[in-house]
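Encoded as structure tokens, the structure appears first; notes follow it.
The chains referred to below are lettered A, B, ... by the order of the sequence lines, with proteins before strands, and numbering in each begins at 1. Just so it is clear, the model here is predicted, and its values are computed rather than measured.
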Amino acid sequence: MKHGLRNYLENFMDKEPIFKDKMALQSNYTPEFISHRDEQIEQVASVLAPVLRLEKPSNLFIYGKTGTGKTLSVRYTTDEICQMAKEKNLPLKVVYLNCKLKKVVDTEYRIIAQLAREFGKDIPPTGLPTDEIYKIFYSAIDKERQFIVLILDEIDQLVKKIGDEVLYNLTRINADLHQSQITIIGISNNLLFTDHLDPRVKSSLSEEEILFPPYNAFQIQNILKQRVEVAFLPDTIEEGLIEKCAAYAARDHGDARRAIELIRVAAELAEREGSAKVNIKHLDMAEDKIEKDRIIDLVSTQPKQHQLVLYSIIHLANTKKESIITGEVYEIYKGLAGKMGFRPLTQRRVSDVVGEFDMLGLISVRVISKGRYGRTREINMSIVDQTKDKVLVILEEDLGLERTEG
DNA sequence: GTCAATTCACATGAAAGAGACCACGGTCTAGTG
DNA sequence: CTAGACCGTGGTCTCTTTCATGTGAATTGACGA
């Protein structure tokens, strides 16, 4: 056994490496040049540039689908401006906040606390009244003259979670500041995001707007080539693979991030397999793996009660041909919960849980009215059978259930 | 046959409670000089 | 005398429950041709 391991490791060392610099495929990597976004970068720059003349830039709202280079372009531009400001000794500070990172920012309190922390204030994770936090934050930024650019990435997530009140407060903050000026850049994946926003917030947030269109297949190809050159050793990628990969990614709305992840995972698989080249087969495997990993991760991190609801749904999906409705799920769930000694949640709650699964893309849900026979959700599994079985096993393990036949 | 009323089985909303967590300030205790 | 342990208070956060209201079309039943 010991020898086996040693052999394996030695083997691994001997093998031809595929990666040269894996960093270039990480999602937080900033390439030296950003392709196909010149126009947008220029626009961002032109909005922010006044800060170099000590004028407050307009608030900026940026939208575009995932993986269209929004974050990258903004960070790139702000970095440049920051650097220039530094050279000229201008008081500029850029704060970047990704609202998607749970646990960091999903309440009003936490956002402001996080912001205050950026300005060197130590704020407890909880325990203080919210307006106290605001006060601390205000005093933190207003203690010296400075320009602040606040980047709120995935701002749609934020509003979905806690509403637009924070944004309202933030956009109005300038009125209360004597020394400093704050500019907000909102980045959203959701194109329709501004529609259900308080009009006051909307108008002040989107003084300027920039749209990031999705990349087309050709552009993704370029980007991939660029990254691949940095990340991989020469001759490790099979002919035509990049094109194929770009085509995959372009198929689902031009997401460059996905394309890069795809090729990274494919290469990892190839490496593990001991293959010297990454080929189409690996790419296909990678596509499966990414999806599967995502789902499995999602499922295993759910709370027990949610898992049980999901288990009930899958169980029903396996035993029953026609589509599933909420009532059935709840019945099964209640039975199982009772058997396992949980106190079952109310139907109201389960209804929401089902909705959450829909949001996560594990199931797809449609509200239908069956006339006289009521109104309910029609539930369909949206994960493939193979993965579904795996999920079922995980759920059974997590919940300590016996395998139920059927 | 037509049309409005009814009815079902939940969906969807709002509010509020339970049980965590945490900071802060006051009080108590034990250790130190 | 003082540092640290130990409360009680007041605040937030998350997950739930409770109570209320909404809803879309199959079904029903009254009505007129």
How would you list, by chain and number, every residue that makes a side chain to side chain contact (heavy atoms under 4.5 Å, CB included) with A:Asn216, sequence neighbours excluded?
A:Phe218, A:Gln219
Could you pull out all residues at least two apart from A:Asp385 that satisfy salt bridge (Lys or Arg N to Asp or Glu O under 4.0 Å)?
A:Lys388
So does A:Glu154 pair up with A:Lys70, basic N to acidic O under 4.0 Å?
no
Could you tell me whether A:Lys225 and A:Glu229 make a salt bridge, using a distance below 4.0 angstrom between a side-chain N and a carboxylate O?
no
Would you say B:dA11 has OP1 or OP2 under 4.0 Å from some side-chain N or O of A:Thr326?
yes
Spacing of A:Ile111 atom CD1 relative to C:dC13 atom P, expressed in whole Å:
11 Å
Verify the contact: side-chain N or O of A:Ser351 to OP1 or OP2 of B:dA11, cut-off strictly under 4.0 Å; return yes or no.
yes
Would a line drawn from the ring center of A:Tyr63 to the ring center of A:Phe212 be shorter than 6.0 Å?
no
For residues 75-92 of chain A, the salt bridge (charged side-chain N to carboxylate O under 4.0 Å, His left out) pairs (sequence neighbours left out) are none
Whole Å only: how far is the CD1 atom of A:Ile368 from the C1' atom of B:dC10?
11 Å
For the pair made of CZ in A:Arg366 and P in B:dA11, what is the distance, rounded to whole Å?
14 Å
Rounded to whole Å, the CZ-P distance (A:Phe357 to B:dA11) equals 15 Å
CD1 of A:Ile379 versus P of B:dA11: gap in Å, rounded?
8 Å
Salt bridge between A:Lys289 and A:Glu261, side-chain N to carboxylate O under 4.0 Å?
no
What is the separation between atom CD on A:Gln114 and atom P on C:dC13, rounded to the nearest whole Å?
14 Å
Apply salt bridge (Lys or Arg N to Asp or Glu O under 4.0 Å) to A:Lys22 and list each qualifying residue two or more places apart in sequence or on a separate chain.
A:Glu268
Where protein sits on nucleotides 21-31 of chain C, one letter per nucleotide: B base, S sugar-phosphate only, - none, heavy atoms under 4.0 Å:
-BBBBBSS---
Cut-off 3.5 Å, side chains only: do A:His282 and A:Glu238 have a donor facing an acceptor?
no
Measure from CG on A:Asp358 to P on B:dT12 and round the result to the nearest Å.
10 Å
From CD1 of A:Ile112 over to P of C:dT12, roughly how many Å is that when rounded to an integer?
14 Å
For nucleotides 14-20 of chain B, read 5' to 3', which letter fits each nucleotide if B means a protein heavy atom sits under 4.0 Å from the base, S means only the sugar-phosphate is that close, and - means neither?
-------
